[in-house]
Each structure stands twice: as C-alpha cells, then as structure tokens.
Number of protein chains: 2
Amino acid sequence: MQYVKIKDAIVEQIESGMLSPRQKLPAERKLAESFDTTRVTLREALSLLEAEGRIYREDRRGWFISPEPLRYDPTQTLNFTNMAIAQNRQPRTDLLSAKGILTTKQAAQLLELQAFSDIYRVDRVRYLEERPVVFVTNFIRPEKFAGLLDLDLAGASLTDIYREKYGVVYAKVKYRVTTTSLLGDVAQALRATSGTPAMMVERINYNQHGELIDCDIEYWRHDAISIESIAQLER
Amino acid sequence: MQYVKIKDAIVEQIESGMLSPRQKLPAERKLAESFDTTRVTLREALSLLEAEGRIYREDRRGWFISPEPLRYDPTQTLNFTNMAIAQNRQPRTDLLSAKGILTTKQAAQLLELQAFSDIYRVDRVRYLEERPVVFVTNFIRPEKFAGLLDLDLAGASLTDIYREKYGVVYAKVKYRVTTTSLLGDVAQALRATSGTPAMMVERINYNQHGELIDCDIEYWRHDAISIESIAQLER
DNA sequence: TAGTGGTCTAGACCACTAT
DNA sequence: TAGTGGTCTAGACCACTAT
C-alpha cells in the first residue's frame, strides 16, 4: 500500500517540524513526482491525511497543514468568540444573512413547530485566523424576540443580544454530533471542495423557563474542532 | 460534477426504499456501467455516500446500506449492551485481549501516569446485528482492581465487574470526540479498509471519590453512531 | 499568463471473497 | 473457480488561482 507509506512520510515531515501549521504543501504534480507515483495515488495519501485531520484543502488553492483544533464544549454557554480568545485564537464572524422565513422540514422538526410556521433564520461563517472553520445556521422562534432582525446582528453575538435585549439566557441544551460532508453553499462559504468530510453539530437550546428558544446547525471543518466536555453522572 | 449526480441517484434509491439497510450494492463494475462511467468516478460517488454515513464498506466485500445509527450518550453510565437493547438493537461484544502492560505514551497521558507504569489493557470489538461497529481499548489503573485479569471479562461488562466485585462506580467522565481514520489492527477488526474515516471517542472516567479509574478509546464506524446528549448549563 | 487543482477516462494486476 | 474490490498507471481537459 504505497499511499500509506506516502502518508507516513508526510506525517513524519509534519511532526519533525519541517512543515508548520497553515503552510501550503507543494503542488500535487510535484509531490507525485517526488514520491515517484501518479496524482491519483498521491491524492489517496492526501485524503488519508485529511481524514486524520492533519491537513485540509482549500478549493482549488491546494493543501495546507492543519493548526491545532479548537476545543469546543457544547455544554458551555461560552460563545465562539470568547471560546476562541480563551484559547489564544483570533476569531471573526461574518453575518451572511438574517431574515424571516417559513420553516423548512428540518427546522420545523428541531423547533417542534408546524410546517410553514414563521421563524427567523440567521446564517453566519466563523473564522479562526482568517480561515473559515464553521458554517452556522440559527433557526429562531420569533415569539420571544420581536424585532430581532432590526438589530445589529453583525456587531454582537446572538447570546449577548438575547440576554441584553430580551432577558433570555440558555439554561439547557440538547446536542447531537455526527459526521457528514460539505456540499453547495456551505462548502463554498468554507472554501471547501464539494464532498469534503465534516462534523455536524446540532444544538437545541432552552431558556431558563425550559422553553425551546432556538436551534443551531453547525458544519465544522473536522480538523478544526475537538469536542470536549465533562459530565457528572447521575445514578 | 458527475459524481454528485450519481450520488444523488443512489440517495434517491435508498430513500425510495428500493435499497434497505444492510443490503449490498451491486458490484462496482456493474454500477459504473449502469451510470455510464468508470470505476474511479463511481468510487468518488460511493466515498461521498460513505462520508455522509449512508453506506459503509466491508473490506473486499463491497458496499452496504447503513442502518440507523445508534444514539450514544457519553454522559450516561449505561453500557453498550444495555444502550443497544434499549434501542431494539442486537449487541454482542468480543473480548480480543486482556493483559497487563507498560503504559504507552498515549495511555500514560490519559491516565496521568509516569511512562512505563504497569496498567491493564483490555481490547474489545462490539457488534450490532453481527456488524462490528466499534473497537474499544480500555486502559485501567490496576491499584483498585487487583486480580481483574483473572475474572471472566468476556462474560460480563466492565462496569458491572467494577461495581459488583470492587464497589467502584463511574461518577464523572471527561470525554473528547474527534474524527480520524481506521488503520491496521483496528481497521481489520472492524472489517474496514485502511483509511476508512471514523469517529474517535476518548473517555476518562472517575469514581465516586473523584479518583481517576480508567480510560477508554473507542474507534467507531462513523455511520453507526450519533452522539447525543443533554446538558444543564451553569451560569 | 503560467500553473494548479477538480474531474474524468480507460485501462491493468492481484489477492481475496463467495460459492 | 469466477468475480470482486484494492490499488495503481498514464494520461486528458478545463476552469480557476496566483502573480
């Protein structure tokens, strides 16, 4: 299995420090030549490295060494920005759109609503050191947040707005983690090639009165995240 | 992008119920012919379906439709067997080996031990409906479990043995979820091809007195698992 | 504009599986 | 034993990126 050997050779170069985070690998044709193989086999090796979270691909730009993943605790209220700063990372968030829509099937199910209910939908992309790492869609029940869309959603975090303008805080969260692949708009926003493997985190959030408030669907570049948490077990 | 269209065509067949869980897809050469393409392109489409968790591959045996994933809550003490039964699945566990070893680097770190400490290592494979879905390695601090290796580890769950023979229960767990790929022994035990994408769950377990007891490293077929939990948020 | 990655073709050989 | 999946070769074209 040639491609495993090529993978190991590249891993060694990464671990020896010859290749550092964010650095671009040489062109596929050059790598293939240097390992005396074809592009197809070389790409097998690169896909393996991608699956292991050691490198990532930017669509049509090439392959890059992955930095350390962000440690992400879905049971903390800590928002992305504060979480990143606490880990000495440089976060940024782009607001893509915020609008009222009729529920999609997926959103209706997550929010426990009838089909075609009115909800808010907010799409954002979050960056670490200017690399897009997660595409987040929030579906929000509008009852408790009248006028939300008129506020400056680009300038403040949703959790801050909830708390400061509406007196709502998250008190309970139901979350689900699965693997999937990036396609279409989501792939594009993350500068990913269609089909790039990814991690999906779905969260359903409840307020201090146990009422369902909103949900968010997060598509993460899987090399950029490590989900970590601590739980006290009940007996 | 031909391979996305092929993928969509197969998804449609799955969703229409023409293909049912555990069923084998036709041979790659036949599928390629029926979509009027080559094996390379067809395999692009199959890899996409694999990344989405809709199909899985058994090494040299072919591609199969994925059943529903097992819902897995890492914050519950519930062991694999009871979890599976509660979801109307048919679990089985194979004990591969149980022995005393000197810590590996990874185990030493997780168990907060010096290099070359004595620990127990238990390797098991767990099945659902006779399909191997997870490879589990337990690293166990031996102090609290004298004579553990002499017990019938194949016949009872570790948590049951801990509780019944040693009066030890899990009270706190630290866990971490990342993606990786299957290689070597682990791949083989799961009937997977080298490089198959997978989900890794690491758990570090503490007893009722807050002492570190053991850790386990789980390599899951990623289509076989959906990690789900509920958390009360502290403020 | 030169070079690159994304995608695809059309094969080949071999060890293994299914029967 | 027939057929299959795993792996690999040696190309090709094109739209896009980097400069």
Side-chain angles (χ1 to χ4, degrees), chain A residues 1-10 22-51 55-65 130-132 181-184 186-197 221, chain B residues 1-10 22-51 55-65 130-132 181-184 187-197:
Chain A
M1 263 140 358
Q2 209 177 327
Y3 68 87
V4 175
K5 282 179 195 154
I6 296 173
K7 186 215 81 175
D8 289 338
I10 298 176
R22 281 164 236 294
Q23 193 179 329
K24 190 178 180 306
L25 291 178
E28 291 182 0
R29 285 170 180 83
K30 281 179 190 149
L31 278 176
E33 196 184 5
S34 83
F35 287 109
D36 195 27
T37 185
T38 57
R39 262 179 86 208
V40 173
T41 299
L42 190 262
R43 283 168 67 92
E44 281 279 326
L46 294 175
S47 293
L48 245 185
L49 287 162
E50 183 185 44
I55 64 174
Y56 63 94
R57 184 155 54 142
E58 298 225 332
D59 194 48
R60 292 181 183 284
R61 284 184 192 83
W63 299 87
F64 301 82
I65 307 294
E130 298 307 315
R131 175 191 172 202
S181 70
L182 302 174
L183 291 173
V186 178
Q188 209 169 357
L190 295 179
R191 292 187 210 142
T193 310
S194 276
T196 300
R221 287 287 209 147
Chain B
M1 263 137 1
Q2 209 176 327
Y3 68 87
V4 175
K5 282 177 196 156
I6 295 173
K7 185 216 81 174
D8 289 339
I10 298 175
R22 281 165 235 293
Q23 193 178 329
K24 189 178 181 306
L25 291 179
E28 291 182 1
R29 285 171 178 84
K30 282 180 189 147
L31 278 174
E33 195 185 4
S34 83
F35 287 111
D36 197 26
T37 185
T38 58
R39 262 178 86 205
V40 173
T41 299
L42 189 260
R43 283 168 67 93
E44 281 280 326
L46 295 175
S47 293
L48 245 184
L49 287 162
E50 183 185 44
I55 64 175
Y56 63 94
R57 184 156 51 144
E58 299 224 331
D59 193 47
R60 293 183 182 282
R61 282 185 194 83
W63 299 87
F64 301 82
I65 308 294
E130 299 306 315
R131 175 191 173 203
S181 70
L182 303 174
L183 291 173
Q188 209 168 357
L190 295 178
R191 293 188 209 141
T193 310
S194 275
T196 299

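Below, each value reflects all heavy atoms present in this structure, side chains not excepted, and no hydrogens, waters or symmetry copies. Letters go in sequence order (proteins before strands), and every chain restarts at 1.
Ranked by how close their nearest DNA chain D nucleotide is to the 5' end, P26(B) and Q2(A) are led by P26(B). Looking at which nucleotide of DNA chain D each of K24(B) and R60(A) is closest to, the 5′-most match is held by K24(B).
Scanning DNA chain D for stems, defined as runs of 3 or more consecutive Watson-Crick or G-U wobble pairs whose donor-acceptor distances all fall under 3.5 Å, gives the following ranges: C:1-18 with D:1-18.
In terms of the salt bridge (Lys or Arg N to Asp or Glu O under 4.0 Å) criterion, residue partners of R22(B) (sequence neighbours excluded) are, by chain and number, E129(B). Every residue meeting the side chain to side chain donor-acceptor pair (under 3.5 Å) condition with T193(A), not counting sequence neighbours, appears here in chain and number order: D59(A). Annotation: ring pair (Phe, Tyr, Trp, His ring centres under 6.0 Å) contacts of F64(A) (sequence neighbours excluded): Y56(A). The side chain to side chain donor-acceptor pair (under 3.5 Å) check on R131(A) picks up D223(A), with sequence neighbours excluded. In this view, R57(B) satisfies the salt bridge (Lys or Arg N to Asp or Glu O under 4.0 Å) rule with no residue, not counting sequence neighbours. Partners of Q23(A) according to the side chain to side chain donor-acceptor pair (under 3.5 Å) rule, which considers only residues two or more places apart in sequence or in another chain, are S20(A). Qualifying side chain to side chain donor-acceptor pair (under 3.5 Å) partners for R29(B), counting only residues two or more places apart in sequence or in other chains: none.
The stretch residues 29-45 of chain A touches DNA chain D through R29(A), T37(A), T38(A), R39(A), V40(A), T41(A), each having a heavy atom within less than 4.0 Å of the strand.
Within 4.0 Å of S194(A), counting heavy atoms only, lies no atom of the nucleic acid at all.
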Residues 33-42 of chain A side chain polar contacts: donor-acceptor under 3.5 Å, at least two apart:
residue, atom, partner, partner atom, Å
S34(A), OG, L31(A), O, 3.0
T37(A), OG1, Q2(A), NE2, 3.2
R39(A), NE, E28(A), OE1, 3.2
R39(A), NH2, E28(A), OE1, 3.2

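The line from NZ of K7(B) to OG of S194(A) is 8.5 Å long, rounded to the nearest 0.5 Å.
Extent of DNA chain C lying under 4.0 Å from chain A heavy atoms, first and last nucleotide in 5' to 3' order, is dT4(C) to dT7(C).
With hydrogens and angles ignored, the 3.5 Å screen pairs no side-chain donor or acceptor of R191(A) with any backbone N or O of P132(A).
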